There are 2 protein chains.
Amino acid sequence: MILEKKHAFNRFAAGKGLRSTRQREIILDFFLATHQHVSVEELYLKIKAVHPGIGSATVYRTLKLFVEAGLAREVLLHDGQTRYEHVVEGEHHDHLVCTGCNAVIEFENETIEKLQDEIATRHGFLIKSHKLEIYGLCARCRAAAKT
Amino acid sequence: MILEKKHAFNRFAAGKGLRSTRQREIILDFFLATHQHVSVEELYLKIKAVHPGIGSATVYRTLKLFVEAGLAREVLLHDGQTRYEHVVEGEHHDHLVCTGCNAVIEFENETIEKLQDEIATRHGFLIKSHKLEIYGLCARCRAAAKT
DNA sequence: ATCCCTGCAAACACTTTGCATGAAA
DNA sequence: TTTCATGCAAAGTGTTTGCAGGGAT
């Protein structure tokens with residue numbers, strides 16, 4: 001699956017006449033090695049630890065390419081940073097965001113997706129993407145709040 | 001309904017020991033006179049046209065108070081600005097956001113809300129708020145894109 | 001008389017951009 | 001050898017904060 005993504009990116013890059021550079025390879029590797037909602041800063045720091053030469057602007061620029069290439073998706077959770085997550089084809093999940101501890105729980109619900117399609121159809125709207133975020137307190141923070 | 005909101009804010013202000021100032025009255029008036037997703041900047045400019053003395057920091061600060069007071073809700077549509085909309089009690093709607101012309105269509109769907117409750121319960125999660133945004137092309141932009 | 005609120009400007013955090021250099025084609 | 005990508009620093013955003021003066025209680 002990782003290889004697949006690399007190929008996907010190479011195809012995309014070739015199609016757009018983009019060059020294959022060491023930095024892009026590195027950033028892709030590190031991105032693929034992450035889980036859940038990395039912010040640019042986080043990814044940048046991880047990479048810099050191993051490859052000190054890299055610039056944060058490059059990480060910003062490259063993550064946008066990944067989005068264009070369909071490998072990554074922007075996720076904006078109320079924390080003032082742009083985060084990215086992996087795109088897994090045919091799968092979409094949404095987020096429960098705990099405002100107590102900032103934990104993020106992912107969930108999937110097909111019925112909700114279908115209802116969205118219906119709503120869109122009713123408005124003549126063509127869906128490209130969507131984002132459902134539920135904010136509140138996770139089980140642990142609820143328990144902690146009670147004491 | 002507008003008066004109701006003013007009273008709601010006064011009650012909130014009194015409860016928190018906040019002062020009633022000319023600026024807060026003005027900002028509340030202008031906010032109540034707007035429709036749909038004003039950004040702080042937009043509101044600030046409208047106010048400034050009539051009350052040049054006002055500072056944008058005050059508008060920022062005051063809108064946050066409105067959120068605390070339950071009169072307003074933050075809406076973040078991918079455009080890099082914080083926007084606010086009115087809270088109408090017991091009513092919640094979500095948004096179809098057109099990436100072509102930036103139009104925002106509101107919709108309500110009770111079934112989706114219920115499904116969210118179920119999901120939350122399943123995870124022991126206590127919902128405080130949620131946000132569902134569907135991005136894509138509105139009917140008009142779809143038609144335009146075809147030509 | 002207190003202490004909150006305001007306006008201004010400076011500070012902020014995150015992100016984007018301009019430019020000279022270096023690397024890929 | 002042309003052209004794209006990079007790193008750096010500077011410039012941008014939108015938003016927040018510190019502070020001295022003004023206003024509400």
Side-chain angles (χ1 to χ4, degrees), chain A residues 9-31 37-69 72 74-84 102, chain B residues 6 9-31 37-69 72-84 102:
Chain A
F9 183 63
N10 288 337
R11 257 178 276 126
F12 167 81
K16 290 205 72 173
L18 303 178
R19 292 184 180 166
S20 143
T21 67
R22 223 181 90 261
Q23 288 86 334
R24 286 180 181 165
E25 297 253 321
I26 292 172
I27 297 172
L28 183 52
D29 278 342
F30 274 79
F31 176 65
H37 327 115
V38 228
S39 70
V40 186
E41 178 77 3
E42 281 163 15
L43 192 60
Y44 168 60
L45 291 177
K46 281 187 195 183
I47 295 174
K48 206 169 105 168
V50 185
H51 306 274
I54 210 138
S56 63
T58 304
V59 180
Y60 277 99
R61 288 189 275 233
T62 307
L63 282 170
K64 297 207 161 191
L65 286 180
F66 293 169
V67 173
E68 269 192 80
E74 250 187 58
V75 192
L76 302 168
L77 315 167
H78 263 170
D79 69 347
Q81 288 194 257
T82 306
R83 297 175 168 276
Y84 293 89
N102 292 313
Chain B
K6 291 198 180 186
F9 183 64
N10 288 338
R11 258 178 275 125
F12 167 81
K16 290 206 69 169
L18 301 178
R19 291 183 181 165
S20 142
T21 66
R22 224 182 90 262
Q23 289 85 335
R24 286 178 181 166
E25 297 253 321
I26 292 172
I27 297 171
L28 183 52
D29 277 342
F30 274 80
F31 175 65
H37 327 115
V38 228
S39 69
V40 186
E41 178 77 3
E42 281 163 16
L43 192 62
Y44 168 59
L45 291 177
K46 280 187 195 184
I47 296 173
K48 206 169 105 169
V50 185
H51 306 275
I54 209 139
S56 62
T58 304
V59 180
Y60 276 99
R61 288 188 273 233
T62 307
L63 282 170
K64 298 206 161 192
L65 286 180
F66 293 169
V67 172
E68 270 192 79
R73 182 186 356 230
E74 251 188 55
V75 191
L76 301 169
L77 316 168
H78 264 169
D79 68 348
Q81 288 194 257
T82 306
R83 297 174 168 276
Y84 293 88
N102 291 314

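Residue numbers start from 1 in every chain, and the chains themselves are labelled A, B, ... in the order their sequence lines are given, proteins ahead of strands. As a basis for the values below, the full set of heavy atoms in this structure was taken, side chains included, without hydrogen atoms, waters or symmetry mates. Quick caveat: nothing in here was measured; it's all calculated off a predicted structure.
The heavy-atom pair separating B/E74 from B/V67 by the smallest distance is N-CG2, 4.5 Å. Taking both residues in full, the closest heavy atoms of B/E41 and B/Q81 are given as CB-NE2, 3.6 Å, listed atom of the first, atom of the second, then distance. A pairwise comparison of heavy atoms in B/R83 and B/S39 identifies NH1-N, 3.6 Å as the closest pair.
Rounded to a whole Å, the CZ atom of B/R24 is 11 Å from the P atom of C/dG7. The distance from atom CD of B/E42 to atom P of D/dT13 is 16 Å, rounded to the nearest whole Å. Protein atom OH of A/Y44 is 9 Å distant from nucleotide atom C1' of D/dG7, rounded to whole Å. Between the NE2 atom of A/H51 and the C1' atom of D/dA5 there is a distance of 17 Å, rounded to whole Å. Taking atom NZ on B/K16 and atom P on C/dC3, their separation rounds to 18 Å, with Å as the unit. The interatomic distance linking A/F9 (CZ) with D/dA5 (C1') rounds to 12 Å, in whole Å. One interatomic measurement links the two molecules: CG of A/D79 to P of D/dT15, which rounds to 15 Å at whole-angstrom precision. Between the C1' atom of D/dT16 and the CG atom of B/L65 lies a distance of 14 Å, rounded to the nearest Å.
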Nucleotide by nucleotide, 5' to 3', does protein get under 4.0 Å of the base (B), only the sugar-phosphate (S), or neither (-) in nucleotides 15-25 of chain C, counting heavy atoms?
BBBB----BBS

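Using a 4.0 Å cut-off, no side-chain N or O of B/Q23 falls inside it from OP1 or OP2 of D/dG23. Using a 4.0 Å cut-off, no side-chain N or O of B/T58 falls inside it from OP1 or OP2 of C/dT6.
Partners of B/Y84 according to the ring-ring contact (aromatic ring centres under 6.0 Å, His included) rule, which considers only residues two or more places apart in sequence or in another chain, do not exist here.
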Begin from the C-alpha positions of B/I27 and B/F30 and carry the test side chain to side chain contact (heavy atoms under 4.5 Å, CB included) through to its verdict.
CA-CA 5 Å; B/I27 297 171; B/F30 274 80; 5.9 Å; no

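Separation of atoms CD (B/E25) and CZ (B/F9) is listed at 9.0 Å; rounding is to 0.5 Å.
When heavy atoms are screened at a 4.0 angstrom cut-off, A/G17 is found touching no nucleic acid atom at all.
B/E68 pairs in a salt bridge (Lys or Arg N to Asp or Glu O under 4.0 Å) with only one of the listed residues (B/K16, B/R61, B/R73), which is B/K16.
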